[in-house]
Amino acid sequence: MANHIEIDRDRCKGCGLCVASCPRQIIELGRDINAKGYHFAVQVDPSRCIACQMCAVSCPDVAITVYRGRK
Amino acid sequence: MANHIEIDRDRCKGCGLCVASCPRQIIELGRDINAKGYHFAVQVDPSRCIACQMCAVSCPDVAITVYRGRK
Amino acid sequence: MDANDTAVFTYPRSLSRTPTHYCPGCLHGVAHRLVAEAIDALGVREKTVGICPVGCSVLAYKYFDCDMIEASHGRAPAVATGVKRARPDLVCFTYQGDGDLASIGMAEIIHAANRNEPITVIFYNNAIYGMTGGQMAPTTLVGMKTSTSPTGRDPIDRGAGYPIRMVELLNTLEGPVYLARQSLLSSADIFRARRVVQRAFSLQSKGFTFVEFVGTCPTNWGMAPVEAREWAQKRMIEVFPIGVFRDREAEAAKASAAKEA
Amino acid sequence: MDANDTAVFTYPRSLSRTPTHYCPGCLHGVAHRLVAEAIDALGVREKTVGICPVGCSVLAYKYFDCDMIEASHGRAPAVATGVKRARPDLVCFTYQGDGDLASIGMAEIIHAANRNEPITVIFYNNAIYGMTGGQMAPTTLVGMKTSTSPTGRDPIDRGAGYPIRMVELLNTLEGPVYLARQSLLSSADIFRARRVVQRAFSLQSKGFTFVEFVGTCPTNWGMAPVEAREWAQKRMIEVFPIGVFRDREAEAAKASAAKEA
Amino acid sequence: MGEKILMKGSEAIAEAAVRAGCKLFFGYPITPQNEVPEYMSKRLFEVGGQFVQAESEVAASNMCYGAAAVGHRVMTSSSSPGVTLKQEGLSYCAGSELPVVVVNVMRGGPGLGGIQPAQSDYFQATRPGHGDFRYIVIAPATIQEAVDLMMDAFDLADRYRNPVMVLADGLIGQMMEPVVFREDPPKEYDKSWACTGCAGREKNIVNSLYLDPKDLEDHNFHLFRKYDEVEKNEIRVEEYLMEDAEVALAAYGTTARICKTAIGLLRAQGFKVGLVRPITLWPFPYRTFRKVADRVRFVLDVEMSMGQMIQDVRLGVVERCPVHFYGRVGGMVPAPVEIVQQVQRLLAE
Amino acid sequence: MGEKILMKGSEAIAEAAVRAGCKLFFGYPITPQNEVPEYMSKRLFEVGGQFVQAESEVAASNMCYGAAAVGHRVMTSSSSPGVTLKQEGLSYCAGSELPVVVVNVMRGGPGLGGIQPAQSDYFQATRPGHGDFRYIVIAPATIQEAVDLMMDAFDLADRYRNPVMVLADGLIGQMMEPVVFREDPPKEYDKSWACTGCAGREKNIVNSLYLDPKDLEDHNFHLFRKYDEVEKNEIRVEEYLMEDAEVALAAYGTTARICKTAIGLLRAQGFKVGLVRPITLWPFPYRTFRKVADRVRFVLDVEMSMGQMIQDVRLGVVERCPVHFYGRVGGMVPAPVEIVQQVQRLLAE
Amino acid sequence: MQYEVIIAGFGGQGVMLIGQLLANAAMLQGSKTVWMPSYGPEMRGGTANCTVVVSDEDIGSPVVPRPGAAIVMNLPSMDKFEPLVVPGGLLVVNASLVARKAERTDLDVVYVECNRLAEEQVKSPRSANMIALGAYIGKTGAATPEIVKYAMAKKMVGKERFLEANKAALDLGIRLAQGEAG
Amino acid sequence: MQYEVIIAGFGGQGVMLIGQLLANAAMLQGSKTVWMPSYGPEMRGGTANCTVVVSDEDIGSPVVPRPGAAIVMNLPSMDKFEPLVVPGGLLVVNASLVARKAERTDLDVVYVECNRLAEEQVKSPRSANMIALGAYIGKTGAATPEIVKYAMAKKMVGKERFLEANKAALDLGIRLAQGEAG
Ligand SMILES: Cc1ncc(C[n+]2csc(CCOP(=O)(O)OP(=O)(O)O)c2C)c(N)n1
Ligand SMILES: Cc1ncc(C[n+]2csc(CCOP(=O)(O)OP(=O)(O)O)c2C)c(N)n1
Ligand code: SF4
Ligand code: SF4
Ligand code: SF4
Ligand code: SF4
Ligand code: SF4
Ligand code: SF4
Ligand SMILES: [Mg+2]
Ligand SMILES: [Mg+2]
């Protein structure tokens with residue numbers, strides 16, 4: 001499949017650093033809140049993801065896994 | 001009178017630093033010992049003294065006073 | 001998802017799965033991950049002993065998945081000295097905040113560096129005492145308001161001192177093998193920081209290695225995490241410049257290459 | 001003697017007449033005298049408070065003829081901070097040995113310097129713990145034998161560290177106003193040192209001033225006083241170079257002169 | 001008398017110091033007393049004083065040493081592990097006879113322990129450090145008392161030229177109560193011994209070193225003559241509902257308040273229980289306990305510790321009656337009902 | 001049994017540690033125990049160990065914490081003011097349950113005090129620091145005993161995972177006596193808790209922090225159950241000529257030896273005097289004193305302090321007989337004849 | 001007479017503040033009072049609570065394991081403090097954030113949708129806490145509305161525009177508690 | 001039987017050493033023994049002294065305020081310790097450096113010109129202390145000459161050329177004390 005990320009919603013604290021770090025601007029803080037009460041991040045348009053890991057490295061809570069799709 | 005130094009024999013600890021410092025080499029450690037048991041320093045040839053204070057500044061026990069004679 | 005997709009960024013083995021108590025957006029988490037990645041990269045998790053400080057990272061013993069020792073405030077380098085003198089075969093790192101390392105622990109860090117203890121020191125500089133609620137740190141910028149510098153850190157009228165640059169200070173010592181400062185303030189910086197931490201760990205057997213991270217404390221700075229990162233980029237980096245200040249091995253390699261040439 | 005002869009070198013007013021307990025040829029005595037001369041030169045004896053350390057100069061409170069405080073080991077700069085914060089109008093100096101200032105007191109000296117406390121620190125570096133009988137100091141030279149480095153200070157195989165250069169270390173801080181190192185190892189050096197000490201005291205109102213003296217410890221070095229002086233000249237000065245490392249006032253004066261020109 | 005205001009314990013303590021004429025504060029952050037340095041960092045510059053966030057507790061106590069040596073009122077505050085680090089500096093203050101006020105807002109230990117209220121520094125407060133010396137130790141139970149005792153602390157320190165430790169706990173530090181500050185101006189004390197520059201007099205020396213053992217022994221004797229004076233003049237203790245009491249609780253600080261509530265509950269049930277509350281922990285009111293011991297069935301000592309003050313209680317009671325112990329530790333605060341049950345159990349035995 | 005050799009106390013203590021398998025020493029110079037680090041700086045490298053002259057006592061105690069945390073036998077030594085500075089680090093050792101041996105060669109205080117022998121650290125040895133904890137405290141009276149107790153100290157530390165303090169004084173540190181070292185190899189203890197790398201097991205954590213007060217309370221309870229064990233198993237006390245004694249002297253360490261000489265003189269005059277010498281100061285032999293108190297006319301407690309152990313003596317005796325005190329301080333060592341006169345005077349009263 | 005109340009909620013909900021207001025009011029009306037925060041680990045986030053005791057007599061224990069009343073501003077606080085209130089005691093529940101009903105039947109329970117009402121009726125979302133405080137004093141009379149308002153005014157010097165909203169919120173809470181509004 | 005001796009002199013005179021030799025010898029001959037130095041302020045110079053106790057039984061106090069004997073190698077030591085020796089005790093005086101005679105009449109006093117004899121007779125100026133030690137054991141029998149020599153040999157491994165001189169000095173001291181030489 002294609003490049004994409006997975007965000008562990010329960011680890012996410014909704015800090016928004018991944019949002020600010022994504023060069024494709026395809027991460028947003030969602031409307032829903034997780035068990036800890038945070039608006040967790042979601043990847044809104046995986047198709048544009050380039051698997052650059054910018055989001056993942058900037059996440060203090062190591063909530064993001066990045067996958068590179070097979071061409 | 002002439003340049004000369006005075007050594008407070010009871011302050012002197014016979015360390016020899018003044019001896020080593022005098023450019024005219026006119027200070028020696030004497031044979032006698034003072035109250036504390038040290039061979040105190042003596043100026044052996046005041047007439048050659050140039051009142052340069054080399055001895056006095058190097059004395060850790062501030063045992064030396066230096067006089068400049070009137071010409 | 002496709003089972004054939006390769007995970008190119010995954011959770012490090014040496015980081016435990018326990019969620020941290022850090023505030024949202026606090027870069028302690030990033031620093032932790034980088035350390036864990038370095039341990040993984042070198043494959044030394046099972047012979048690593050980490051030492052955590054007193055500060056927000058006091059609970060780091062929960063977060064690293066290797067043997068951990070909780071040190072008293074500021075004394076982690078002394079504790080690490082004890083560890084490595086007893087067991088030189090172990091890999092040992094300390095993780096310390098700026099209050100811990102640069103205020104109360106100043107003597108310990110300088111002397112461990114001077115003895116060239118073979119340890120890796122990870123120094124998280126957020127210019128404030130996070131854990132105790134935002135008091136002034138030795139690295140607090142001039143003019144920065146904290147709960148004990150309510151009018152802004154004032155070195156002139158209140159004698160509150162200037163931000164202390166630890167890497168530069170340690171760089172006057174003969175001991176250390178590796179001294180670097182890196183920022184955690186953007187993804188690009190973090191990629192660089194990753195290499196720096198790994199370099200530090202890989203040189204540990206040669207002696208004292210030290211990495212300062214310029215981080216943030218969104219909570220006590222009273223800023224949102226993204227804002228904190230930007231503020232730090234604008235204000236902290238000019239006071240705490242980034243770079244590898246010393247790499248004795250690289251210098252030696254260069255020197256011997258030059259000789260051969 | 002002739003009553004008309006002028007005494008060109010006399011006993012300083014600020015030094016008490018009590019003979020010291022120092023060993024013959026120990027340069028603590030010279031350092032004391034220089035401090036007393038500086039106090040005399042500035043005419044501040046009656047508003048000076050001196051702080052002595054724990055070390056051979058622990059009894060310095062007997063030797064200076066001004067108000068004196070005996071500090072705990074290494075903490076004289078903190079004590080001086082207390083003094084000057086309470087009474088900024090007083091002149092305050094600390095007198096410290098290398099074990100006191102550079103080992104146990106490392107944090108205190110660095111932070112006092114960084115806060116730019118308006119004090120004058122006189123640092124007597126004899127590369128050894130004199131008072132306790134000749135143990136290794138932070139300033140002990142590599143290879144130098146002491147009672148706790150019986151095979152010579154060995155930074156490589158025994159991790160005993162390298163001589164720490166305090167002036168250079170403090171010179172990385174923004175705070176200090178004046179930083180200098182001078183030798184007491186010859187009369188010419190002492191004449192120079194006299195000027196340096198006076199300069200330090202005269203700049204005290206501007207902030208932190210620091211003078212390191214390269215001295216001796218004939219007793220624990222196992223040398224005659226003259227020999228000790230020569231040895232130090234040969235061996236210590238290359239490790240502890242002489243000079244005025246910082247003089248903020250002179251720099252400022254130069255800068256404004258340059259501007260005017 | 002001033003206005004009544006609602007204040008947090010830590011801030012009230014700080015303000016009381018300022019009103020007692022203390023213009024110098026040297027401290028290092030530690031929970032649960034951060035409000036003291038924070039308050040001082042604002043307040044002292046307003047009154048022309050100085051606040052220094054020291055590099056460590058060790059430095060802070062030595063800064064106090066310096067400021068006290070020049071004759072100024074000075075204080076520091078900390079919490080348990082930080083106080084341990086101050087012990088060497090404070091021992092110098094005692095040895096050099098310098099007045100310093102130290103606030104210890106205790107938390108649980110040992111080691112890093114926790115940050116919740118505790119009373120497990122009783123030993124290090126009443127039997128401190130190396131060498132023979134004492135702090136005067138006072139233990140407030142309310143914010144108003146903390147304020148009053150702070151102001152007294154400076155007087156005691158100056159009068160006896162000795163460190164005074166105000167032993168509080170996290171609860172006293174963190175809670176708010178209405179307080180009124182005394183308006184009397186700070187008393188003046190002779191400080192001709194201070195190092196203020198030797199203009200017009202012989203030089204002064206502040207020192208704790210006595211190389212000749214005979215001199216040091218004499219100095220120790222001198223200190224203990226002074227301590228005898230303190231013991232004679234300064235013991236403070238509250239006896240609460242002790243007139244008819246058949247059981248005495250022994251407790252200080254916050255724990256004493258909890259005991260009072262427990263006593264209310266017990267008396268409502270018809271049990272005649274009272275409280276002996278040492279206000280000065282050193283000097284300790286041994287005599288009060290001795291006197292009480294003859295009248296009660298037993299003493300129940302209640303502490304937020306594994307049992308520290310109880311040693312002094314026992315030394316006072318000397319088995320004139322049984323002394324029992326009830327302690328919660330590590331930040332656990334005993335509930336009144338626990339004490340009630342404890343008393344009931346002991347009475348039933 | 002090895003050869004008998006004449007050794008200085010400090011050096012014998014150091015050598016005993018080496019023979020007990022201690023390969024790590026972290027210390028900072030201070031009179032009168034400099035021979036300990038000096039000896040170790042030579043000796044430890046011979047046996048493949050490590051000696052570090054720490055930058056301070058604070059650092060030294062934390063280096064011990066680190067070495068103990070990885071499961072190695074480790075020691076430090078100092079004298080009174082230096083021990084005060086070690087208290088925070090040692091409190092962490094106790095909180096984290098780390099075995100460390102600490103030698104305190106006491107000198108007079110407070111503050112810088114002097115460098116002559118004293119026993120005025122009894123309080124800070126038996127009631128140390130912040131939080132509720134104890135050191136096991138042992139007090140040798142001869143060099144041979146110092147050697148034996150040093151070797152035991154490492155076993156006690158390992159067995160109970162707790163710091164052990166060897167409380168000596170300048171005399172024990174400086175004098176020479178013949179000693180024989182035991183030849184039995186160091187015992188092995190389970191150290192599976194140590195931080196040695198987590199190969200093949202879950203990670204280990206060495207820690208004294210418990211943020212939840214209930215956890216910290218449980219930890220304290222755990223520590224005190226351990227201390228109860230120590231009190232049950234490890235009390236050591238010498239009763240010297242107590243069978244027929246009408247007067248008991250109470251003293252430890254050097255002072256106890258001086259008392260023995262005094263007892264010889266007194267017995268020569270027909271006075272039936274004996275000695276109770278606590279060897280462990282914590283746990284303290286309260287029971288022995290209680291038992292003795294019923295048989296003697298009085299107890300005379302003799303210390304090189306203003307009276308510290310006497311509190312424990314009183315807690316043991318609980319007024320079953322009078323407890324008197326004779327103390328010299330600041331480095332003054334009582335002469336046997338002073339004690340003789342004291343006893344005679346008290347008997348005449 | 002002695003009133004004890006535990007006030008609990010998320011960090012930002014202003015529970016500490018209304019506790020202090022209550023204590024201040026109590027002081028101003030001549031009662032004895034204690035405000036006691038729970039202070040958590042030295043780090044941020046999570047829940048916060050404080051205890052306020054108001055009494056005619058000197059107050060002994062500032063710690064009240066079983067208070068006469070609780071104001072719970074969120075679900076975790078409800079879970080934690082509902083069981084602790086003394087039988088017959090009062091429970092003020094912020095129904096905006098606490099979805100469930102009280103399990104105990106021996107309590108006087110007042111449900112107030114503090115957040116919704118603050119937003120909709122008071123037009124001041126941050127005044128939710130004041131509505132809860134109003135409900136508490138309306139029910140108990142631990143302090144009079146006038147004195148609480150006076151205490152508010154003293155505390156909020158410089159923030160007068162919030163003051164009016166807060167007063168309105170307080171009144172609303174009182175009315176709700178007294179069954180006059182909904 | 002218990003022997004106590006205080007040995008005192010200048011720093012460099014080797015008084016500590018002969019004390020240790022005596023204690024070593026005592027140990028080797030099976031006696032109990034204690035050697036105790038006086039350690040001065042943490043600094044150099046001045047006088048030094050040590051106490052040695054040799055006994056058949058366990059030794060109590062290592063501090064002996066009034067010893068059975070004293071060896072005084074210089075005048076300050078003579079001044080200090082002459083008054084302290086018990087009546088009937090022994091005083092060994094280094095007459096080379098102590099110009100005066102003992103004031104007490106209740107002591108057994110032996111004057112030995114240790115420095116002169118060491119230089120002139122033993123041809124080893126540094127052996128003056130051994131002459132004094134010889135005089136002491138010659139008088140008291142606290143240790144036998146053979147054992148002291150054996151202790152010397154053990155202590156001076158590597159310095160054999162001094163050993164012979166020291167032995168000779170010891171013997172000389174013994175003979176002098178026993179009145180056989182002078
Ligand atoms: C001896 C001692 N002093 C003070 C404290 C209180 N304390 C805990 S953390 C801390 C400072 C933390 O600041 P920093 O090291 O910068 O770490 P951060 O929380 O910012 O990561 C202090 C002063 C303590 N626990 N022990
Ligand atoms: C807390 C403490 N630690 C150790 C000592 C012992 N001590 C006394 S002086 C000294 C070192 C002195 O060396 P230095 O400062 O170099 O002074 P010097 O004697 O060489 O002039 C030490 C370690 C002490 N008195 N207090
Ligand atoms: S991997 Fe890169 S592109 Fe994909 S979501 Fe993360 S930051 Fe954006
Ligand atoms: S950076 Fe991590 S914690 Fe922050 S919002 Fe993104 S996924 Fe969540
Ligand atoms: S003044 Fe100069 S010339 Fe005269 S004695 Fe001194 S050093 Fe020599
Ligand atoms: S320098 Fe001074 S002490 Fe030394 S020999 Fe000369 S006069 Fe004497
Ligand atoms: S207080 Fe600051 S440093 Fe601590 S966890 Fe929160 S953001 Fe991070
Ligand atoms: S020991 Fe050394 S430093 Fe001390 S007085 Fe003697 S020579 Fe000077
Ligand atoms: Mg920080
Ligand atoms: Mg030195």
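All heavy atoms count here, side chains included; hydrogens, waters and symmetry mates do not. The sequence lines fix the lettering, A, B, ..., with proteins before strands; numbering per chain opens at 1.
- When every heavy atom of Arg257(F) is checked against every heavy atom of Ile59(H), the shortest pair comes out as NH2-O, 3.1 Å.
- Other residues, nucleotides and ligands contribute more than 12 heavy atoms inside 6.0 Å of the NZ atom of Lys42(F).
- Counting heavy atoms of neighbouring residues, nucleotides and ligands inside a 6.0 Å radius, atom CD of Glu57(H) does not exceed 12 of them.
- No more than 12 heavy atoms of other residues, nucleotides or ligands shown are found within 6.0 angstrom of CZ on Arg126(H).
- For the side-chain contact (heavy atoms from CB on, under 4.5 Å) test with Met27(H), the passing option among Met176(F), Glu177(F), Lys4(F) is Lys4(F); the others fail.
- The candidate with the highest count of non-hydrogen atom pairs below 4.5 Å against chain H, out of Thr254(F), Leu171(F), Thr142(F), is Leu171(F).
- Only the side chain of Lys154(H) comes within less than 4.5 Å of a heavy atom of chain F; its backbone N, CA, C and O stay farther away.
- The minimum heavy-atom distance between Leu6(F) and Gln20(H), with the atom names listed, is CD2-O, 3.7 Å.
- Contact annotation for residues 335-345 of chain F against chain H (heavy-atom separation below 4.5 Å, listed by residue number): Ala335(F), Pro336(F).
- Heavy-atom neighbours of Tyr150(H) OH from other residues, nucleotides or ligands within 6.0 Å: at or below the threshold of 12.
- Remark: Lys149(H) NZ is packed, more than 12 non-hydrogen atoms of other residues, nucleotides or ligands lying under 6.0 Å away.
- Both the backbone and the side chain of Pro117(F) come within less than 4.5 Å of a heavy atom in chain H.
- Of the two parts of Leu28(H), neither the backbone nor the side chain holds a non-hydrogen atom closer than 4.5 Å to a non-hydrogen atom of chain F.
- Distance check, rounded to the nearest 0.5 Å: CG of Asp58(H) to NZ of Lys260(F) gives 6.5 Å.
- Ranking Ala262(F), Gly264(F), Gly170(F), Ala256(F) against chain H, the residue ahead of the rest is Gly170(F), based on heavy-atom pairs under 4.5 Å.
- Nearest heavy atom pair, residue Ser61(H) against residue Thr261(F), reads N-OG1, 2.7 Å.
- Judged as a salt bridge (Lys or Arg N to Asp or Glu O under 4.0 Å), and not counting sequence neighbours, the contacts of Arg277(F) are Glu145(F), Glu238(F).
- Here the closest heavy-atom approach between residue Pro37(H) and residue Gln174(F) is recorded as CD-O, 3.3 Å.
- Of the residues considered (Ile5(F), Ile143(F), Ile263(F)), Ile5(F) shows the highest number of contacts with chain H, using heavy-atom pairs under 4.5 Å.
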